[in-house]
Amino acid sequence: MTADAPTPSAPAPASAPAPAPAHTQRTRVVIVGAGPAGLTLANILRAASVDCVVLENESRDFIEQRPRAGFLEEWAVRALEGRGLADRLLENTVAHTECEFRFAGERHRFPYADVSGHRHYVYPQPLLVTDLVREYADVRGGDIRFGVRDVEPAGIDTDRPSVAYTDPETGERVRLDCEFIAGCDGARGVTRDRMPSEHATVARYDFGVGWLALLAEAPPSSDCVVFGIHPRGFAGHMARSPQVTRYYLECPPDDDPENWSHERVWAELHARLGAEGAQPLNEGKLIEKRVLAMHNYVVEPMAYGRLYLAGDSAHLLAPIGAKGMNLAIHDSLLLGDALVAYYGKGDDSGLRGYSAACLRRVWQYQEFSQWLSDVYHGASSGDPFKAGTSMARLRRILASPAAATGFAELFLGKDTDY
């Protein structure tokens with residue numbers, strides 16, 4: 001095997017494991033983080049009888065209510081369905097077959113299902129997390145430990161890695177000796193920091209804009225996702241449930257959410273999403289209001305020694321293309337299958353090829369996000385050239401069958417592992 005996944009018979013470790021805490025336990029795989037990536041991976045391993053433990057620093061109630069992404073691409077839904085993880089999703093989701101662009105006071109429908117044969121599924125991340133926790137912990141009896149503190153991976157460049165943490169009830173340190181560590185703890189987690197700088201590079205891109213992310217207690221005002229391209233800034237409308245709608249408003253990246261009163265928010269949404277023949281927006285109480293500084297990053301490679309990164313710990317995608325949750329699921333499917341093959345057949349090829357296989361899709365999604373950002377933000381850039389070229393891109397998508405097909409495939413994540 002390569003340095004990405006040393007064999008159990010690897011030479012003596014270059015750095016010794018951390019001193020033993022009060023309690024030492026053993027499992028095969030420690031998964032740090034209980035988001036879509038970590039929980040999908042945990043369910044795959046549990047179904048294959050591969051021992052694993054999931055560590056999460058938040059409570060179960062918190063992760064099951066935390067507002068996050070809301071759209072799943074059809075390939076991701078079918079992959080979850082094939083592993084018995086999508087029953088509740090398919091019972092409660094709403095399938096979208098088109099989106100709408102609004103600019104220059106006009107509405108332009110884009111029927112991506114007709115173009116590509118694929119759909120989007122509206123299923124907020126908290127619901128998916130709830131389903132995955134239930135399946136892993138309650139149905140399959142998996143080991144998940146909530147509220148842990150001071151998580152510390154160690155020995156990742158050895159054949160004896162471990163993860164130590166503080167038990168929230170006893171205050172004692174516990175060490176889990178293991179064979180592999182899956183870093184699924186997101187952009188602010190600890191696992192990515194264990195990647196040695198001389199081994200991994202972090203490529204970053206700053207879009208130079210912010211989005212004011214809003215959740216409104218108001219029914220959706222359209223039967224599909226709406227993208228408003230406006231000289232005053234981008235605006236987005238996405239259904240989250242029959243009673244709640246996600247909105248976005250372009251703003252300065254360092255803006256303060258308190259600058260946006262209820263009245264100002266709705267005035268801007270009406271202005272930027274207004275179009276002839278459009279249904280008036282359903283207004284409601286704003287239950288979330290935060291500014292997202294739009295930037296992306298990619299950690300390459302996504303593995304070192306016995307540590308494998310998945311989801312936002314390995315790559316961040318601004319919500320421009322609604323790709324983050326889908327990409328996290330893609331990582332975990334590949335990593336789960338690779339670990340199952342390793343333990344079931346002694347086949348280490350999936351582990352050796354994990355990073356390269358993930359990064360093909362990661363970079364396709366990153367490129368699409370950057371391309372789409374130019375379309376969304378060109379009109380408000382203050383640059384007449386950018387405004388003109390971004391509008392040319394948009395009109396080409398709407399007028400050219402070939403351009404429409406290419407856009408739809410990228411928008412829905414179809415055939416993107418080039």
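Only a predicted model underlies this, so the values are computations on that prediction, with no experimental measurement involved.
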Whether [Y] and [X] form a salt bridge (side-chain N of Lys/Arg under 4.0 Å from carboxylate O of Asp/Glu) is what I want to check.
X	Y	answer
Glu81	Arg78	yes
Lys285	Glu217	no
Arg46	Glu135	no
Asp374	Arg393	yes
Glu268	Arg232	yes
Arg134	Asp138	no
Arg204	Asp206	no

Margin query: Walk me through whether Lys323 and Glu73 qualify under salt bridge (Lys or Arg N to Asp or Glu O under 4.0 Å).
Written below: CA-CA 8 Å; Lys323 298 291 188 183; Glu73 295 165 350; 2.7 Å; yes
Let me confirm one number: the [atom1]-[atom2] distance from [X] to [Y], rounded to the nearest 0.5 Å.
X	Y	atom1	atom2	answer
Leu214	Leu212	CG	CG	4.0 Å
Ile320	Asn296	CD1	CG	6.5 Å
Asp193	Ser313	CG	OG	10.5 Å
Asp337	Leu45	CG	CG	9.5 Å
Leu316	Met294	CG	CE	9.5 Å
Gln65	Ser59	CD	OG	8.0 Å

Note to self: Taking Arg149's backbone N and O only, do any of them form a donor-acceptor pair with Asn57's side chain (distance below 3.5 Å, no angle check)?
What the structure shows: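 Judged by distance alone, no pair lies under 3.5 Å.
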Next item on the list: Please check if the side chain of Asn43 supplies one atom and the backbone of Leu132 the other of a donor-acceptor pair under 3.5 Å.
Entry: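 Indeed, once roles are kept as given, a pair shorter than 3.5 Å links the two residues.
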Shortest non-hydrogen contact between [X] and [Y], atoms and distance:
X	Y	result
Val299	Met302	O-CG, 3.4 Å
Leu269	Tyr248	CD2-O, 4.2 Å
Cys358	Asp331	SG-OD1, 3.5 Å
Glu74	Arg119	OE1-N, 2.8 Å
Cys52	Asp143	O-CB, 4.0 Å

Next item on the list: For the pair Tyr342 and Phe180, evaluate ring pair (Phe, Tyr, Trp, His ring centres under 6.0 Å) and give the outcome as yes or no after the intermediate values.
Entry: CA-CA 11 Å; Tyr342 176 81; Phe180 295 98; 5.2 Å; yes
Item checked: Arg145/Tyr165 under side chain to side chain donor-acceptor pair (under 3.5 Å): CA gap, chis, key distance, verdict -> CA-CA 10 Å; Arg145 306 178 188 185; Tyr165 67 92; 2.7 Å; yes
Quick one: sort the [X] and [Y] rings into parallel, tilted or perpendicular, breaks at 30° and 60°.
X	Y	result
Phe411	Phe227	perpendicular
Trp211	Phe234	parallel
Trp371	Phe368	parallel
Tyr304	His199	tilted

Next item on the list: Show the numbers, then the answer: is there a side chain to side chain donor-acceptor pair (under 3.5 Å) between Ser373 and His377?
Entry: CA-CA 6 Å; Ser373 174; His377 304 124; 2.9 Å; yes
Would you say the ring centers of [X] and [Y] fall short of 6.0 Å from each other?
X	Y	value
His120	Tyr112	yes
Phe71	Tyr121	no
His330	Trp75	yes
Phe146	Phe62	no

Note to self: With a 6.0 Å cut-off (strictly less than), is the heavy-atom count around NZ of Lys289, excluding the residue itself, greater than 12?
What the structure shows: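 Result for NZ/Lys289: enclosed.
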Check: Where do Phe101 and Phe103 land on the ring pair (Phe, Tyr, Trp, His ring centres under 6.0 Å) test, with the steps shown first?
Finding: CA-CA 7 Å; Phe101 295 96; Phe103 57 92; 7.6 Å; no
Notebook entry, point to check: Partners of Glu300 by side-chain contact (heavy atoms from CB on, under 4.5 Å), sequence neighbours excluded?
Noted result: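 Here the qualifying residues are Thr201, Leu359, Trp363.
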Check: Any side-chain heavy-atom pair from Leu333 and Arg83 closer than 4.5 angstrom?
Finding: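 Yes. Closest side-chain heavy atoms under 4.5 Å.
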Checklist line | Minimum side-chain heavy-atom gap Leu128-Leu89 below 4.5 Å | finding: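 Heavy-atom side-chain distance check passes, below 4.5 Å.
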Checklist line | Worked verdict on His96 versus Asp223 for side chain to side chain donor-acceptor pair (under 3.5 Å) | finding: CA-CA 8 Å; His96 280 200; Asp223 60 354; over 6 Å; no
Checklist line | salt bridge (Lys or Arg N to Asp or Glu O under 4.0 Å), paired with Arg60, selected from Glu64, Glu56, Glu58 | finding: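 Of the listed options, the one satisfying the test is Glu64.
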Next item on the list: For Arg240 and Tyr123, run side chain to side chain donor-acceptor pair (under 3.5 Å): C-alpha distance rounded to whole Å, both residues' side-chain angles, the deciding distance at 0.1 Å, then the answer.
Entry: CA-CA 7 Å; Arg240 282 294 180 265; Tyr123 202 65; over 6 Å; no
Note to self: Working note: His237 + Tyr247, criterion ring pair (Phe, Tyr, Trp, His ring centres under 6.0 Å); need CA distance, chi angles, decisive distance, verdict.
What the structure shows: CA-CA 5 Å; His237 164 287; Tyr247 286 101; 5.4 Å; yes
